[in-house]
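Below is one structure, written out as structure tokens; the observations come after it.
Just so we're on the same page: letters track the sequence lines, and every chain starts at 1. Because the structure is predicted, anything quoted here is derived from the model rather than measured.
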Amino acid sequence: MARTDEAEAFFHAVYAAVQEIPPGKVTSYGHIAKLIGTPQRPRQVGLCLKHLPTDTSSRFHHANVPWQRVINAKGVISPRSQPSGSLNQAAALEAEGVTVTTGALGELSVDFAEFGWFPRILPSEAAMGMVPESDDDGDGSEEG
DNA sequence: CTGCTGACTTTCT
DNA sequence: AAGAAAGCCAGCA
């Protein structure tokens, strides 16, 4: 009962978060999961996109949900996301202006340092990553 | 109804 | 630094 209802809300939250991604930018499943308040369920985010209806009659569908901008934390597009015999996702990203790098294994990777879309992490997350005691290593993970 | 899988991430070793 | 394991929960057989 409530379980399915919650799932629907979860799906809805995911699609909404994905739509928040601006063109020419990409983000990771974990980040989406965090934004919607479920940092421990990155896989479910993927499931949402997988079950994303192509029917434009639905509230969310492949046309209005830029699922292509969602990739894994490694900055590499999941091979399962590729349509049969076509690298549409990468092409779509390039169309947005995202530079997709093709690895030797044929996998597609995106530079988070350049196209990584990280609007604002949860307050606790920001505090966690901001450890004054910890020495700086010059990660330079700021992006405006 | 039961069990495994999966468009993943985080943490320990 | 790199590798292995755990965790989460919906969907499918």
Side-chain angles (χ1 to χ4, degrees), chain A residues 1-96 98-131 133-141 143:
Chain A
M1 319 322 179
R3 217 172 309 161
T4 306
D5 196 22
E6 281 184 11
E8 187 172 2
F10 181 86
F11 275 55
H12 189 137
V14 173
Y15 298 143
V18 175
Q19 290 183 322
E20 290 286 306
I21 306 173
K25 298 274 178 154
V26 292
T27 189
S28 61
Y29 296 92
H31 215 104
I32 296 292
K34 265 186 187 179
L35 292 173
I36 65 180
T38 51
Q40 200 84 336
R41 277 152 249 199
R43 308 178 63 160
Q44 260 50 23
V45 175
L47 276 168
C48 300
L49 299 170
K50 183 174 180 180
H51 283 259
L52 187 61
T54 50
D55 186 358
T56 52
S57 285
S58 250
R59 194 185 236 11
F60 299 102
H61 47 87
H62 265 252
N64 75 16
V65 179
W67 66 277
Q68 59 197 43
R69 294 177 196 151
V70 186
I71 58 184
N72 62 19
K74 291 176 296 202
V76 181
I77 301 173
S78 294
R80 295 173 178 79
S81 61
Q82 310 307 358
S84 24
S86 198
L87 304 171
N88 235 15
Q89 184 163 9
L93 288 171
E94 287 186 321
E96 295 284 354
V98 178
T99 304
V100 181
T101 307
T102 308
L105 301 175
E107 91 297 19
L108 302 162
S109 55
V110 179
D111 185 357
F112 273 135
E114 192 60 63
F115 304 103
W117 179 71
F118 299 96
R120 62 193 66 171
I121 316 295
L122 298 174
S124 46
E125 177 70 13
M128 211 153 71
M130 286 297 260
V131 183
E133 282 303 304
S134 250
D135 195 1
D136 64 310
D137 58 349
D139 56 340
S141 59
E143 179 59 41

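Within the nucleic acid shown, R43(A) comes within 4.0 Å of at least one base atom, counting heavy atoms only. Nucleic acid contact for T38(A): none, since no nucleic acid atom lies under 4.0 Å from a heavy atom of the residue.
For the pair L52(A) CG and dG11(C) P, the interatomic distance rounds to 13 Å; values are reported in whole Å. In this entry the distance linking CD of Q44(A) with C1' of dG7(C) reads 11 Å, nearest Å. If you take CD1 of I36(A) and C1' of dT9(B), they are 14 Å apart, rounded to a whole angstrom. Summarising the geometry, the separation between CD on E6(A) and P on dC8(C) is reported as 15 Å, rounded to the nearest angstrom. Rounded to whole Å, atom C1' of dA10(C) lies 18 Å from atom NE2 of H12(A). Summarising the geometry, the separation between CZ on R41(A) and P on dT10(B) is reported as 14 Å, rounded to the nearest angstrom. Between the P atom of dA10(C) and the CG atom of D5(A) lies a distance of 12 Å, rounded to the nearest Å. Counting to the nearest Å, the C1' atom of dA10(C) and the NZ atom of K50(A) are 10 Å from each other.
Of the possible donor and acceptor atoms, none in the side chain of Q68(A) sits under 3.5 Å from a partner among the backbone N and O of Q89(A). Looking only at distances, no side-chain donor or acceptor of N64(A) sits under 3.5 Å from a matching main-chain atom of Q19(A).
Comparing Q40(A) and H62(A) by the nucleotide of DNA chain B whose heavy atom lies nearest to each, the residue mapping closer to the 5' end is H62(A). Between L47(A) and P42(A), it is P42(A) whose nearest contact on DNA chain C lies nearer the 5' terminus.
In terms of heavy-atom proximity, P23(A) sits nearest to E96(A) at CB-OE1, 2.9 Å. The nearest pair of heavy atoms linking F118(A) to S28(A) is CE2-OG, 4.4 Å.
Ranking dC12(C), dT10(B), dC8(B) by closeness to the S78(A) side chain, first place goes to dC8(B). Among dT10(B), dT9(B), dA10(C), the nucleotide with an atom closest to any side-chain atom of K34(A) is dT10(B). If you check dT9(B), dG11(C), dC9(C) against the side chain of H51(A), the one that comes closest is dG11(C).
In this structure, F112(A) CZ and I71(A) CD1 are separated by 4.0 Å, a value rounded to the nearest 0.5 Å.
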